[in-house]
Amino acid sequence: MSRLYGDPIEVWTRDGEPTQFVWRDRLFLVRRVLDHWVVAREWWKTSERDPGERRFWRVEASPGRDVGSYELRYDTAGSGWLLLRAWD
């Protein structure tokens, strides 16, 4: 079962992939990337230089022992990250 959130998060990356993130004041370490995809929409563009992309990652991560699956989104226009979904 999954839950939707849409919470802003702080993310650290290496070679463009998330390696850790802070959600609700807890540091999560990314154990592995399960999937990555990009969605581009013309109406998301904020300028001519903006590609209008949203980049998504489904990752396994944990703040300790318990590993969960999380969907993260990066917005190229605003350079912001969201935690969109979490699976039990």
Side-chain angles (χ1 to χ4, degrees):
M1 177 194 228
S2 69
R3 295 184 185 169
L4 296 174
Y5 292 99
D7 292 346
I9 56 174
E10 187 174 352
V11 177
W12 288 263
T13 63
R14 185 177 327 124
D15 298 327
E17 289 191 348
T19 58
Q20 57 187 8
F21 59 93
V22 174
W23 179 47
R24 297 184 173 178
D25 297 325
R26 294 178 74 188
L27 178 64
F28 288 75
L29 300 177
V30 174
R31 306 291 182 173
R32 73 181 173 129
V33 173
L34 301 172
D35 199 3
H36 174 250
W37 65 98
V38 177
V39 177
R41 299 285 188 259
E42 188 66 29
W43 53 272
W44 281 339
K45 287 185 165 190
T46 59
S47 70
E48 285 299 313
R49 297 178 61 195
D50 177 12
E53 292 180 349
R54 304 299 186 265
R55 298 178 185 170
F56 297 84
W57 282 266
R58 183 169 298 158
V59 300
E60 279 186 354
S62 68
R65 289 181 167 174
D66 297 329
V67 177
S69 295
Y70 302 89
E71 186 174 300
L72 313 179
R73 185 186 88 185
Y74 177 71
D75 180 352
T76 58
S79 299
W81 287 86
L82 296 176
L83 186 137
L84 293 180
R85 184 182 306 253
W87 283 266
D88 296 338

**Asked** So which heavy atom on Arg54 is nearest to which on Asp75, and how close?
**Response** NH1-OD1, 3.2 Å
**Asked** Once you round to the nearest 0.5 Å, how far does CD of Glu17 lie from CZ of Arg32?
**Response** 12.5 Å
**Request:** Could you point out which residue of Phe56, Phe21, Trp57 forms a ring-ring contact (aromatic ring centres under 6.0 Å, His included) with Trp81?
**Result:** Trp57
**Message:** Less than 4.5 Å apart, side chain to side chain, heavy atoms only: is that true for Ser69 and Leu34?
**Reply:** yes
**Result of checking Glu71, Arg58, Arg3 against Leu84 for side chain to side chain contact (heavy atoms under 4.5 Å, CB included)** = Glu71
**Asked** Would one find more than 12 heavy atoms of other residues, nucleotides or ligands at under 6.0 Å from atom CZ of Arg24?
**Response** yes
**Item:** Residue pair Arg85 / Ser2, side-chain donor-acceptor N/O under 3.5 Å
**Value:** yes
**Item:** Any donor-acceptor N or O pair under 3.5 Å, side chains Ser62, Arg31
**Value:** yes
**Full working for side-chain contact (heavy atoms from CB on, under 4.5 Å) between Ile9 and Leu82** = CA-CA 5 Å; Ile9 56 174; Leu82 296 176; 5.7 Å; no
**Worked check of side-chain contact (heavy atoms from CB on, under 4.5 Å) between Phe28 and Val22** = CA-CA 6 Å; Phe28 288 75; Val22 174; over 6 Å; no
**Item:** Pairwise distance OG1(Thr13) to CG(Leu72) - rounded to 0.5 angstrom
**Value:** 11.5 Å
**Item:** Side chain Thr19, main chain Trp12, donor-acceptor under 3.5 Å
**Value:** yes
**Item:** Exercise: identify the closest heavy-atom pair between Ala61 and Val30
**Value:** CB-CA, 3.9 Å
**Asked** If you measure from CD on Glu10 to CG on Leu83, what distance do you get to the nearest 0.5 Å?
**Response** 14.0 Å
